[in-house]
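Worksheet: the structure to be examined is printed underneath.
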2 protein chains.
Amino acid sequence: MSDFSVSTLLRQLPYFAQVADDFINHLAAQAVHRTFQPDEAIFWEGEPSAGLCAVEYGRIKAYKVSPDGHEYILRFFGPGDSFNELAALDGAANPVNTMAMTEASVWMIHTAVFTAALQEDHQLCLAVLRGLVGRVRHIVGRMEDLALRPVTARLANFLLNHAEAASADLTHPAITRTLIANHLATTPESISRSLRVLEQAGAIRFDRQQILIVALDILRDQAKL
Amino acid sequence: MSDFSVSTLLRQLPYFAQVADDFINHLAAQAVHRTFQPDEAIFWEGEPSAGLCAVEYGRIKAYKVSPDGHEYILRFFGPGDSFNELAALDGAANPVNTMAMTEASVWMIHTAVFTAALQEDHQLCLAVLRGLVGRVRHIVGRMEDLALRPVTARLANFLLNHAEAASADLTHPAITRTLIANHLATTPESISRSLRVLEQAGAIRFDRQQILIVALDILRDQAKL
DNA sequence: CCTGCGACTTGATCTAAATCAAGGCACGCT
DNA sequence: AGCGTGCCTTGATTTAGATCAAGTCGCAGG
(Lines give C-alpha, C1' and ligand atoms only; values in the text may rest on other atoms or scores of the structure.)
Protein backbone atom coordinates (compact mmCIF):
# COMPACT_ATOMS: atom_id res chain seq x y z
CA MET A 1 0.00 0.00 0.00
CA SER A 2 2.57 2.54 1.23
CA ASP A 3 1.89 5.95 -0.30
CA PHE A 4 -0.43 4.70 -3.05
CA SER A 5 -3.42 6.94 -3.58
CA VAL A 6 -6.78 5.78 -4.94
CA SER A 7 -7.45 9.32 -6.12
CA THR A 8 -4.43 9.15 -8.36
CA LEU A 9 -5.58 5.83 -9.78
CA LEU A 10 -9.05 7.15 -10.51
CA ARG A 11 -7.61 10.31 -12.03
CA GLN A 12 -5.76 8.16 -14.55
CA LEU A 13 -8.99 6.64 -15.83
CA PRO A 14 -10.14 8.47 -18.96
CA TYR A 15 -13.58 8.88 -17.42
CA PHE A 16 -12.36 10.99 -14.56
CA ALA A 17 -9.78 13.09 -16.36
CA GLN A 18 -12.01 16.19 -16.38
CA VAL A 19 -13.65 15.73 -13.03
CA ALA A 20 -13.01 18.13 -10.13
CA ASP A 21 -10.57 17.07 -7.39
CA ASP A 22 -13.15 17.12 -4.61
CA PHE A 23 -15.34 14.83 -6.58
CA ILE A 24 -12.51 12.39 -7.21
CA ASN A 25 -11.64 12.38 -3.54
CA HIS A 26 -15.26 11.84 -2.66
CA LEU A 27 -15.39 8.78 -4.92
CA ALA A 28 -12.01 7.54 -3.78
CA ALA A 29 -13.14 7.67 -0.16
CA GLN A 30 -15.95 5.27 -0.98
CA ALA A 31 -13.87 2.86 -3.04
CA VAL A 32 -13.44 -0.65 -1.68
CA HIS A 33 -10.12 -2.37 -1.98
CA ARG A 34 -9.53 -6.07 -2.66
CA THR A 35 -6.56 -8.19 -3.71
CA PHE A 36 -6.69 -11.45 -5.60
CA GLN A 37 -4.50 -14.48 -6.05
CA PRO A 38 -3.67 -15.90 -9.48
CA ASP A 39 -6.69 -17.75 -10.91
CA GLU A 40 -8.98 -16.31 -8.26
CA ALA A 41 -12.41 -15.20 -9.49
CA ILE A 42 -13.17 -11.50 -9.03
CA PHE A 43 -16.87 -11.80 -9.75
CA TRP A 44 -19.23 -13.98 -11.74
CA GLU A 45 -21.55 -13.28 -14.60
CA GLY A 46 -25.14 -12.99 -13.46
CA GLU A 47 -24.32 -11.88 -9.92
CA PRO A 48 -25.56 -8.49 -8.71
CA SER A 49 -23.42 -5.62 -9.99
CA ALA A 50 -19.93 -5.57 -8.49
CA GLY A 51 -19.70 -1.88 -9.35
CA LEU A 52 -17.02 -0.06 -11.29
CA CYS A 53 -13.60 -1.68 -10.93
CA ALA A 54 -10.20 -0.08 -11.40
CA VAL A 55 -6.98 -2.08 -11.63
CA GLU A 56 -4.08 -0.93 -9.49
CA TYR A 57 -1.80 -3.78 -10.52
CA GLY A 58 -2.05 -7.28 -11.96
CA ARG A 59 -3.58 -8.81 -15.08
CA ILE A 60 -7.23 -9.70 -15.32
CA LYS A 61 -9.42 -11.40 -17.91
CA ALA A 62 -13.12 -10.98 -18.67
CA TYR A 63 -14.58 -14.16 -20.13
CA LYS A 64 -17.58 -16.33 -20.92
CA VAL A 65 -17.82 -20.10 -20.67
CA SER A 66 -19.97 -22.26 -22.93
CA PRO A 67 -21.99 -25.20 -21.61
CA ASP A 68 -19.33 -27.59 -22.94
CA GLY A 69 -16.57 -25.81 -21.07
CA HIS A 70 -15.02 -23.67 -23.80
CA GLU A 71 -13.75 -20.30 -22.68
CA TYR A 72 -14.01 -17.11 -24.67
CA ILE A 73 -12.01 -14.16 -23.37
CA LEU A 74 -13.60 -10.85 -24.32
CA ARG A 75 -10.94 -8.58 -22.92
CA PHE A 76 -7.76 -8.32 -20.86
CA PHE A 77 -7.18 -5.66 -18.23
CA GLY A 78 -4.02 -4.26 -16.73
CA PRO A 79 -2.94 -1.44 -14.40
CA GLY A 80 -4.89 1.76 -15.05
CA ASP A 81 -7.77 -0.01 -16.78
CA SER A 82 -11.32 -0.01 -15.51
CA PHE A 83 -13.96 -2.66 -16.07
CA ASN A 84 -17.55 -3.67 -15.38
CA GLU A 85 -18.82 -0.28 -16.52
CA LEU A 86 -21.98 -1.89 -17.87
CA ALA A 87 -23.22 -3.22 -14.54
CA ALA A 88 -22.00 -0.09 -12.78
CA LEU A 89 -24.10 2.00 -15.16
CA ASP A 90 -27.38 0.13 -15.27
CA GLY A 91 -27.21 -1.67 -11.95
CA ALA A 92 -28.14 -4.99 -13.57
CA ALA A 93 -26.12 -8.18 -13.25
CA ASN A 94 -22.44 -8.45 -14.15
CA PRO A 95 -22.31 -9.22 -17.88
CA VAL A 96 -19.24 -11.50 -17.75
CA ASN A 97 -16.98 -13.48 -15.46
CA THR A 98 -13.70 -11.91 -14.40
CA MET A 99 -10.62 -13.59 -12.99
CA ALA A 100 -7.19 -12.48 -11.84
CA MET A 101 -4.52 -14.09 -14.03
CA THR A 102 -1.72 -12.85 -11.76
CA GLU A 103 -1.79 -11.45 -8.26
CA ALA A 104 -3.93 -8.35 -8.58
CA SER A 105 -5.17 -5.32 -6.68
CA VAL A 106 -8.54 -3.83 -7.56
CA TRP A 107 -10.53 -0.86 -6.29
CA MET A 108 -14.30 -1.04 -6.57
CA ILE A 109 -16.83 1.78 -6.57
CA HIS A 110 -20.36 0.75 -5.68
CA THR A 111 -22.96 1.05 -8.37
CA ALA A 112 -25.06 3.49 -6.36
CA VAL A 113 -22.10 5.78 -5.76
CA PHE A 114 -21.15 5.78 -9.40
CA THR A 115 -24.64 6.37 -10.77
CA ALA A 116 -25.14 9.17 -8.26
CA ALA A 117 -21.95 10.77 -9.52
CA LEU A 118 -23.25 10.52 -13.08
CA GLN A 119 -26.47 12.22 -12.13
CA GLU A 120 -24.54 15.11 -10.70
CA ASP A 121 -21.66 15.61 -13.07
CA HIS A 122 -22.44 16.30 -16.68
CA GLN A 123 -18.79 16.22 -17.71
CA LEU A 124 -18.38 12.78 -16.19
CA CYS A 125 -21.45 11.66 -18.08
CA LEU A 126 -20.01 12.89 -21.37
CA ALA A 127 -16.66 11.26 -20.65
CA VAL A 128 -18.27 7.92 -19.89
CA LEU A 129 -20.28 8.25 -23.07
CA ARG A 130 -17.11 8.89 -25.07
CA GLY A 131 -15.46 5.89 -23.47
CA LEU A 132 -18.40 3.65 -24.24
CA VAL A 133 -18.52 4.79 -27.86
CA GLY A 134 -14.87 3.83 -28.24
CA ARG A 135 -15.61 0.47 -26.68
CA VAL A 136 -18.46 -0.24 -29.06
CA ARG A 137 -16.35 0.72 -32.06
CA HIS A 138 -13.70 -1.69 -30.88
CA ILE A 139 -16.21 -4.46 -30.27
CA VAL A 140 -17.72 -3.99 -33.71
CA GLY A 141 -14.27 -4.62 -35.13
CA ARG A 142 -13.96 -7.81 -33.11
CA MET A 143 -17.37 -9.00 -34.31
CA GLU A 144 -16.34 -8.38 -37.88
CA ASP A 145 -13.25 -10.47 -37.16
CA LEU A 146 -15.23 -13.37 -35.75
CA ALA A 147 -17.85 -13.28 -38.46
CA LEU A 148 -15.74 -12.72 -41.54
CA ARG A 149 -12.09 -13.56 -40.98
CA PRO A 150 -10.08 -16.79 -40.67
CA VAL A 151 -7.86 -17.46 -37.68
CA THR A 152 -4.63 -16.16 -39.22
CA ALA A 153 -6.22 -12.80 -40.04
CA ARG A 154 -7.66 -12.54 -36.53
CA LEU A 155 -4.26 -13.25 -35.06
CA ALA A 156 -2.56 -10.69 -37.31
CA ASN A 157 -5.15 -8.18 -36.21
CA PHE A 158 -4.55 -9.02 -32.57
CA LEU A 159 -0.81 -8.54 -32.96
CA LEU A 160 -1.38 -5.19 -34.66
CA ASN A 161 -3.66 -3.95 -31.89
CA HIS A 162 -1.13 -4.88 -29.26
CA ALA A 163 1.87 -3.60 -31.13
CA GLU A 164 1.08 -0.08 -29.96
CA ALA A 165 -1.22 -0.62 -26.99
CA ALA A 166 1.15 -1.26 -24.11
CA SER A 167 -1.94 -2.08 -22.09
CA ALA A 168 -1.45 -5.79 -22.65
CA ASP A 169 1.98 -6.22 -24.14
CA LEU A 170 2.82 -9.54 -25.71
CA THR A 171 6.17 -9.71 -24.03
CA HIS A 172 6.95 -12.00 -21.14
CA PRO A 173 3.92 -11.79 -18.92
CA ALA A 174 1.01 -14.13 -18.44
CA ILE A 175 -0.08 -13.75 -22.07
CA THR A 176 0.28 -17.41 -23.01
CA ARG A 177 -0.77 -18.86 -26.36
CA THR A 178 -3.69 -20.63 -24.78
CA LEU A 179 -4.91 -17.24 -23.58
CA ILE A 180 -4.58 -15.75 -27.05
CA ALA A 181 -6.45 -18.75 -28.42
CA ASN A 182 -9.32 -18.27 -26.02
CA HIS A 183 -9.38 -14.57 -26.85
CA LEU A 184 -9.60 -15.24 -30.60
CA ALA A 185 -12.14 -18.03 -30.22
CA THR A 186 -9.81 -20.73 -31.44
CA THR A 187 -7.34 -23.31 -30.07
CA PRO A 188 -3.69 -23.16 -28.98
CA GLU A 189 -2.81 -25.52 -31.84
CA SER A 190 -4.34 -23.17 -34.40
CA ILE A 191 -2.50 -20.22 -32.88
CA SER A 192 0.73 -22.14 -33.15
CA ARG A 193 0.16 -22.94 -36.81
CA SER A 194 -0.98 -19.43 -37.61
CA LEU A 195 2.09 -17.95 -35.96
CA ARG A 196 4.15 -20.17 -38.22
CA VAL A 197 2.24 -18.86 -41.24
CA LEU A 198 2.90 -15.27 -40.21
CA GLU A 199 6.57 -16.06 -39.66
CA GLN A 200 6.78 -17.69 -43.09
CA ALA A 201 5.17 -14.59 -44.58
CA GLY A 202 7.91 -12.49 -42.98
CA ALA A 203 5.58 -10.55 -40.72
CA ILE A 204 7.02 -11.72 -37.40
CA ARG A 205 10.07 -13.45 -35.94
CA PHE A 206 10.70 -15.51 -32.83
CA ASP A 207 13.43 -14.55 -30.44
CA ARG A 208 13.60 -17.12 -27.69
CA GLN A 209 9.86 -17.55 -27.03
CA GLN A 210 9.27 -13.90 -27.87
CA ILE A 211 7.07 -12.75 -30.70
CA LEU A 212 8.75 -9.89 -32.53
CA ILE A 213 6.90 -7.89 -35.14
CA VAL A 214 9.16 -7.48 -38.15
CA ALA A 215 6.95 -5.96 -40.83
CA LEU A 216 3.83 -4.04 -39.90
CA ASP A 217 2.77 -3.78 -43.54
CA ILE A 218 2.88 -7.53 -44.12
CA LEU A 219 0.96 -8.01 -40.88
CA ARG A 220 -1.65 -5.51 -41.99
CA ASP A 221 -1.94 -7.36 -45.26
CA GLN A 222 -2.47 -10.67 -43.45
CA ALA A 223 -5.12 -9.04 -41.27
CA LYS A 224 -7.14 -8.31 -44.44
CA LEU A 225 -8.22 -4.91 -43.23
CA MET B 1 -45.71 13.42 -46.12
CA SER B 2 -49.18 14.64 -45.15
CA ASP B 3 -49.51 15.29 -41.41
CA PHE B 4 -46.44 13.31 -40.39
CA SER B 5 -44.42 15.05 -37.71
CA VAL B 6 -40.70 14.59 -37.19
CA SER B 7 -41.11 15.67 -33.59
CA THR B 8 -43.41 12.73 -32.96
CA LEU B 9 -40.89 10.36 -34.53
CA LEU B 10 -38.06 11.69 -32.39
CA ARG B 11 -40.23 11.58 -29.30
CA GLN B 12 -40.68 7.84 -29.85
CA LEU B 13 -36.94 7.23 -29.69
CA PRO B 14 -35.96 6.10 -26.19
CA TYR B 15 -33.25 8.76 -26.12
CA PHE B 16 -35.66 11.61 -26.38
CA ALA B 17 -38.43 10.35 -24.15
CA GLN B 18 -37.49 12.67 -21.28
CA VAL B 19 -36.46 15.68 -23.31
CA ALA B 20 -38.44 18.92 -23.25
CA ASP B 21 -40.80 19.68 -26.15
CA ASP B 22 -38.98 22.82 -27.26
CA PHE B 23 -35.78 20.89 -27.47
CA ILE B 24 -37.37 18.16 -29.57
CA ASN B 25 -38.86 20.73 -31.89
CA HIS B 26 -35.51 22.44 -32.18
CA LEU B 27 -33.87 19.17 -33.21
CA ALA B 28 -36.75 18.26 -35.50
CA ALA B 29 -36.42 21.56 -37.30
CA GLN B 30 -32.85 20.71 -38.20
CA ALA B 31 -33.51 17.13 -39.27
CA VAL B 32 -32.90 16.30 -42.90
CA HIS B 33 -35.27 13.99 -44.70
CA ARG B 34 -34.36 11.39 -47.32
CA THR B 35 -36.11 8.46 -48.94
CA PHE B 36 -34.46 5.38 -50.38
CA GLN B 37 -35.32 2.72 -52.91
CA PRO B 38 -34.93 -1.00 -52.16
CA ASP B 39 -31.24 -1.97 -52.24
CA GLU B 40 -30.14 1.65 -52.20
CA ALA B 41 -27.18 2.46 -49.96
CA ILE B 42 -27.91 4.96 -47.18
CA PHE B 43 -24.26 5.56 -46.29
CA TRP B 44 -20.95 3.74 -46.40
CA GLU B 45 -18.57 2.66 -43.72
CA GLY B 46 -15.59 4.99 -43.48
CA GLU B 47 -17.39 8.03 -44.84
CA PRO B 48 -17.69 11.14 -42.64
CA SER B 49 -20.43 10.81 -40.06
CA ALA B 50 -23.92 10.77 -41.55
CA GLY B 51 -25.29 11.86 -38.18
CA LEU B 52 -28.04 10.30 -36.12
CA CYS B 53 -30.65 8.55 -38.24
CA ALA B 54 -34.26 7.77 -37.35
CA VAL B 55 -36.44 5.43 -39.42
CA GLU B 56 -39.90 6.67 -40.30
CA TYR B 57 -40.78 3.61 -42.38
CA GLY B 58 -39.05 0.81 -44.25
CA ARG B 59 -36.53 -1.89 -43.33
CA ILE B 60 -32.82 -1.23 -43.18
CA LYS B 61 -29.73 -3.33 -42.59
CA ALA B 62 -26.35 -2.40 -41.11
CA TYR B 63 -23.60 -4.63 -42.49
CA LYS B 64 -19.94 -5.27 -43.15
CA VAL B 65 -18.42 -6.88 -46.23
CA SER B 66 -15.26 -8.98 -46.21
CA PRO B 67 -12.61 -8.70 -48.94
CA ASP B 68 -13.93 -11.89 -50.52
CA GLY B 69 -17.44 -10.52 -50.73
CA HIS B 70 -19.12 -12.13 -47.75
CA GLU B 71 -21.70 -10.02 -45.98
CA TYR B 72 -22.22 -9.87 -42.24
CA ILE B 73 -25.35 -8.10 -41.06
CA LEU B 74 -24.91 -6.61 -37.61
CA ARG B 75 -28.42 -5.32 -37.15
CA PHE B 76 -31.79 -4.69 -38.75
CA PHE B 77 -33.77 -1.50 -38.31
CA GLY B 78 -37.44 -0.73 -38.68
CA PRO B 79 -39.86 2.13 -38.03
CA GLY B 80 -39.10 3.92 -34.78
CA ASP B 81 -35.51 2.70 -34.60
CA SER B 82 -32.50 4.98 -34.67
CA PHE B 83 -29.03 4.14 -35.93
CA ASN B 84 -25.52 5.45 -36.45
CA GLU B 85 -25.35 6.72 -32.88
CA LEU B 86 -21.63 5.97 -32.75
CA ALA B 87 -20.64 8.35 -35.52
CA ALA B 88 -23.20 10.90 -34.31
CA LEU B 89 -21.60 10.82 -30.87
CA ASP B 90 -17.90 10.98 -31.65
CA GLY B 91 -18.03 12.61 -35.06
CA ALA B 92 -15.68 10.00 -36.54
CA ALA B 93 -16.45 7.92 -39.63
CA ASN B 94 -19.55 5.76 -40.00
CA PRO B 95 -18.71 2.39 -38.46
CA VAL B 96 -20.72 0.25 -40.90
CA ASN B 97 -22.52 0.25 -44.24
CA THR B 98 -26.27 0.71 -44.25
CA MET B 99 -28.73 -0.13 -46.97
CA ALA B 100 -32.49 0.11 -47.42
CA MET B 101 -33.96 -3.36 -47.91
CA THR B 102 -37.37 -1.97 -48.80
CA GLU B 103 -38.48 1.52 -49.73
CA ALA B 104 -37.55 3.60 -46.70
CA SER B 105 -37.86 7.05 -45.20
CA VAL B 106 -35.14 8.33 -42.88
CA TRP B 107 -34.62 11.53 -40.91
CA MET B 108 -31.06 12.56 -40.17
CA ILE B 109 -29.76 14.88 -37.48
CA HIS B 110 -26.33 16.34 -38.14
CA THR B 111 -23.55 15.28 -35.83
CA ALA B 112 -22.87 18.83 -34.70
CA VAL B 113 -26.52 19.41 -33.81
CA PHE B 114 -26.71 16.21 -31.84
CA THR B 115 -23.48 16.67 -29.91
CA ALA B 116 -24.48 20.24 -29.10
CA ALA B 117 -27.74 18.90 -27.70
CA LEU B 118 -25.81 16.44 -25.57
CA GLN B 119 -23.63 19.20 -24.18
CA GLU B 120 -26.70 21.10 -23.11
CA ASP B 121 -29.07 18.46 -21.86
CA HIS B 122 -27.93 16.24 -19.03
CA GLN B 123 -31.06 14.10 -19.18
CA LEU B 124 -30.49 13.42 -22.85
CA CYS B 125 -26.93 12.45 -22.04
CA LEU B 126 -28.07 9.97 -19.42
CA ALA B 127 -30.70 8.53 -21.74
CA VAL B 128 -28.17 8.01 -24.53
CA LEU B 129 -25.85 6.39 -22.03
CA ARG B 130 -28.61 4.01 -20.93
CA GLY B 131 -29.36 3.17 -24.53
CA LEU B 132 -25.72 2.48 -25.29
CA VAL B 133 -25.35 0.25 -22.25
CA GLY B 134 -28.27 -1.82 -23.46
CA ARG B 135 -26.69 -2.03 -26.89
CA VAL B 136 -23.38 -3.24 -25.52
CA ARG B 137 -25.10 -5.88 -23.40
CA HIS B 138 -26.89 -7.11 -26.48
CA ILE B 139 -23.71 -7.11 -28.56
CA VAL B 140 -21.85 -9.05 -25.89
CA GLY B 141 -24.52 -11.72 -26.20
CA ARG B 142 -24.03 -11.83 -29.95
CA MET B 143 -20.26 -12.16 -29.55
CA GLU B 144 -20.76 -15.03 -27.16
CA ASP B 145 -22.96 -16.61 -29.80
CA LEU B 146 -20.39 -16.26 -32.54
CA ALA B 147 -17.51 -17.41 -30.38
CA LEU B 148 -19.07 -20.31 -28.53
CA ARG B 149 -22.20 -21.59 -30.21
CA PRO B 150 -22.94 -23.68 -33.30
CA VAL B 151 -25.29 -22.49 -36.01
CA THR B 152 -28.41 -24.20 -34.69
CA ALA B 153 -28.02 -22.59 -31.28
CA ARG B 154 -27.45 -19.18 -32.87
CA LEU B 155 -30.58 -19.62 -34.93
CA ALA B 156 -32.64 -20.69 -31.92
CA ASN B 157 -31.37 -17.64 -30.11
CA PHE B 158 -32.31 -15.43 -33.03
CA LEU B 159 -35.82 -16.83 -33.14
CA LEU B 160 -36.18 -16.28 -29.39
CA ASN B 161 -35.08 -12.67 -29.62
CA HIS B 162 -37.54 -11.98 -32.36
CA ALA B 163 -40.40 -13.89 -30.81
CA GLU B 164 -41.16 -10.93 -28.57
CA ALA B 165 -39.41 -8.03 -30.32
CA ALA B 166 -41.89 -6.95 -32.93
CA SER B 167 -39.14 -4.66 -34.20
CA ALA B 168 -38.16 -7.12 -36.90
CA ASP B 169 -40.83 -9.77 -37.03
CA LEU B 170 -40.12 -12.96 -38.89
CA THR B 171 -43.46 -12.91 -40.60
CA HIS B 172 -43.90 -12.04 -44.24
CA PRO B 173 -41.59 -9.15 -44.81
CA ALA B 174 -38.20 -8.89 -46.40
CA ILE B 175 -36.65 -11.17 -43.77
CA THR B 176 -35.49 -13.86 -46.18
CA ARG B 177 -33.37 -16.87 -45.15
CA THR B 178 -30.36 -15.44 -46.91
CA LEU B 179 -30.71 -12.36 -44.72
CA ILE B 180 -30.88 -14.47 -41.56
CA ALA B 181 -27.84 -16.38 -42.75
CA ASN B 182 -25.83 -13.19 -43.24
CA HIS B 183 -26.96 -11.98 -39.84
CA LEU B 184 -25.82 -15.18 -38.12
CA ALA B 185 -22.56 -15.38 -40.05
CA THR B 186 -23.49 -18.54 -41.91
CA THR B 187 -25.09 -19.63 -45.21
CA PRO B 188 -28.68 -20.04 -46.43
CA GLU B 189 -28.06 -23.79 -46.76
CA SER B 190 -27.05 -24.06 -43.12
CA ILE B 191 -30.08 -22.06 -42.04
CA SER B 192 -32.28 -24.40 -43.99
CA ARG B 193 -30.78 -27.46 -42.35
CA SER B 194 -30.86 -25.92 -38.89
CA LEU B 195 -34.50 -24.99 -39.29
CA ARG B 196 -35.17 -28.62 -40.08
CA VAL B 197 -33.33 -29.66 -36.91
CA LEU B 198 -35.42 -27.27 -34.84
CA GLU B 199 -38.59 -28.57 -36.48
CA GLN B 200 -37.55 -32.16 -35.74
CA ALA B 201 -36.92 -31.16 -32.15
CA GLY B 202 -40.47 -29.87 -31.96
CA ALA B 203 -39.48 -26.24 -31.34
CA ILE B 204 -40.99 -24.77 -34.50
CA ARG B 205 -43.42 -25.61 -37.30
CA PHE B 206 -43.84 -24.44 -40.86
CA ASP B 207 -47.12 -23.07 -42.03
CA ARG B 208 -46.88 -22.29 -45.72
CA GLN B 209 -43.44 -20.63 -45.74
CA GLN B 210 -44.05 -19.23 -42.28
CA ILE B 211 -41.92 -20.06 -39.28
CA LEU B 212 -44.15 -20.65 -36.26
CA ILE B 213 -42.70 -21.02 -32.80
CA VAL B 214 -44.35 -23.99 -31.13
CA ALA B 215 -42.37 -24.52 -27.93
CA LEU B 216 -40.39 -21.69 -26.38
CA ASP B 217 -38.83 -24.03 -23.82
CA ILE B 218 -37.46 -26.42 -26.44
CA LEU B 219 -36.16 -23.43 -28.37
CA ARG B 220 -34.46 -22.10 -25.26
CA ASP B 221 -32.91 -25.47 -24.73
CA GLN B 222 -31.56 -25.53 -28.29
CA ALA B 223 -30.14 -22.06 -27.80
CA LYS B 224 -27.98 -23.44 -24.98
CA LEU B 225 -28.46 -20.39 -22.82
C1' DC C 1 -52.46 -22.09 -68.50
C1' DC C 2 -47.71 -21.88 -69.47
C1' DT C 3 -43.32 -19.96 -68.45
C1' DG C 4 -39.57 -18.17 -66.01
C1' DC C 5 -37.46 -16.31 -62.17
C1' DG C 6 -36.06 -16.18 -57.43
C1' DA C 7 -35.78 -18.19 -53.20
C1' DC C 8 -35.64 -22.48 -50.75
C1' DT C 9 -34.34 -27.42 -50.13
C1' DT C 10 -31.57 -31.34 -50.46
C1' DG C 11 -27.67 -34.11 -51.45
C1' DA C 12 -22.62 -34.63 -52.53
C1' DT C 13 -18.24 -32.93 -51.88
C1' DC C 14 -14.58 -30.06 -49.86
C1' DT C 15 -12.06 -27.51 -46.40
C1' DA C 16 -10.71 -24.83 -42.34
C1' DA C 17 -10.20 -25.66 -38.07
C1' DA C 18 -11.04 -28.68 -33.86
C1' DT C 19 -9.73 -32.62 -31.69
C1' DC C 20 -6.69 -36.28 -30.56
C1' DA C 21 -2.10 -37.85 -29.69
C1' DA C 22 2.85 -37.76 -29.17
C1' DG C 23 6.98 -35.56 -28.35
C1' DG C 24 10.05 -31.66 -27.21
C1' DC C 25 11.68 -27.66 -24.68
C1' DA C 26 12.35 -24.64 -20.86
C1' DC C 27 12.16 -23.52 -16.38
C1' DG C 28 11.68 -24.39 -11.28
C1' DC C 29 12.64 -27.52 -7.57
C1' DT C 30 15.02 -30.70 -4.76
C1' DA D 1 22.73 -32.20 -12.22
C1' DG D 2 18.41 -34.80 -12.60
C1' DC D 3 13.51 -34.54 -13.00
C1' DG D 4 8.89 -32.99 -13.21
C1' DT D 5 5.35 -30.16 -14.84
C1' DG D 6 3.46 -26.97 -18.06
C1' DC D 7 3.34 -25.13 -22.32
C1' DC D 8 4.24 -25.36 -26.90
C1' DT D 9 4.83 -27.72 -31.44
C1' DT D 10 3.87 -30.96 -34.88
C1' DG D 11 1.45 -34.60 -37.17
C1' DA D 12 -2.84 -37.55 -37.96
C1' DT D 13 -7.63 -37.72 -37.85
C1' DT D 14 -12.33 -35.97 -37.48
C1' DT D 15 -16.01 -32.84 -37.97
C1' DA D 16 -19.01 -28.73 -38.54
C1' DG D 17 -20.10 -26.13 -41.79
C1' DA D 18 -19.09 -24.01 -46.56
C1' DT D 19 -19.29 -24.70 -51.19
C1' DC D 20 -20.99 -26.78 -55.30
C1' DA D 21 -24.73 -28.60 -57.90
C1' DA D 22 -29.26 -30.13 -58.98
C1' DG D 23 -33.82 -30.04 -58.31
C1' DT D 24 -38.44 -28.12 -56.31
C1' DC D 25 -41.84 -24.89 -55.10
C1' DG D 26 -44.52 -20.78 -55.40
C1' DC D 27 -45.60 -16.85 -57.52
C1' DA D 28 -45.98 -12.99 -61.26
C1' DG D 29 -46.70 -11.83 -65.88
C1' DG D 30 -47.94 -12.86 -70.43
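The shown structure was predicted, so the numbers you read here are calculated from the model rather than taken from an experiment. In what follows, chains carry the letters A, B, and so on, assigned in the order in which the sequence lines appear, proteins first and then strands, with residues in each chain numbered from 1.
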Next on the checklist: Take a 6.0 Å sphere around CZ of Arg11(A) and say whether it holds more than 12 heavy atoms from other residues, nucleotides or ligands.
Outcome noted: yes
Checklist entry - Of the nucleotides dT19(D), dA18(C), dT9(C), which one has an atom closest to the side chain of Thr187(A)? => result dA18(C)
Checklist entry - Mapping Glu189(A) and Arg149(A) onto DNA chain C by nearest heavy atom, which one lands closer to the 5' end? => result Arg149(A)
Next on the checklist: Among Val106(B), Asn94(B), Val96(B), Thr98(B), which residue satisfies the side chain to side chain contact (heavy atoms under 4.5 Å, CB included) criterion with Asn84(B)?
Outcome noted: Asn94(B)
Item to check | Between dC7(D) (P) and Leu179(A) (CG): distance, integer Å | outcome: 10 Å
Item to check | Proximity to the side chain of Thr176(A) - top-ranked nucleotide from dC8(D), dG17(D), dA17(C) | outcome: dC8(D)
Checklist entry - Just how far, in rounded Å, is P of dA17(C) from CD1 of Ile191(A)? => result 11 Å
Item to check | Candidate nucleotides dA17(C), dT9(C), dT10(D), ranked by approach to the side chain of Pro150(A) - the nearest | outcome: dA17(C)
Item to check | Atom-pair distance (CG on Asn182(A); C1' on dC8(D)), nearest Å | outcome: 15 Å
Checklist outcome for this item: Considering only heavy side-chain atoms of Val151(A), the closest of dC8(D), dA12(D), dA17(C) is dA17(C)
Checklist entry - Whole Å only: how far is the CG atom of Asp68(B) from the P atom of dA16(C)? => result 12 Å
Next on the checklist: I want to verify a distance call: between dA21(C), dC8(C), dA18(C), whose nearest atom is closest to the Ser190(A) side chain?
Outcome noted: dA18(C)
Next on the checklist: Below the 4.0 Å mark, does dG17(D) have OP1 or OP2 next to a side-chain nitrogen or oxygen of His70(B)?
Outcome noted: no
Checklist entry - Relative to each other, are the rings of Tyr63(A) and Trp44(A) parallel, tilted or perpendicular (30° and 60° limits)? => result perpendicular
Checklist entry - Atom CD1 of Ile180(A) and atom P of dT9(D): how far apart are they, to the nearest Å? => result 10 Å
Checklist entry - Is there a donor-acceptor contact under 3.5 Å from the side chain of Thr102(B) to the main chain of Arg59(B)? => result yes
Item to check | Backbone of Ala87(A) reached by a side-chain donor or acceptor of Ser49(A) within 3.5 Å | outcome: yes
Next on the checklist: With a 4.0 Å cutoff (strictly under), does any side-chain N or O of Arg193(A) reach OP1 or OP2 of dT9(D)?
Outcome noted: no
Checklist outcome for this item: Met101(B) CE to dA7(C) P, in whole Å, measures 13 Å
Checklist entry - Which nucleotide in the set dT19(C), dC7(D), dC8(C) lies at the smallest distance from any side-chain heavy atom of Thr178(B)? => result dC8(C)
Checklist outcome for this item: In whole angstroms, the gap separating P of dA16(C) from CG of Leu184(A) amounts to 19 Å
Checklist entry - Base, sugar-phosphate, or nothing for Ala181(B), non-hydrogen atoms under 4.0 angstrom? => result nothing
Checklist entry - In whole Å, what is the span from the CZ atom of Arg177(B) to the C1' atom of dA18(D)? => result 19 Å
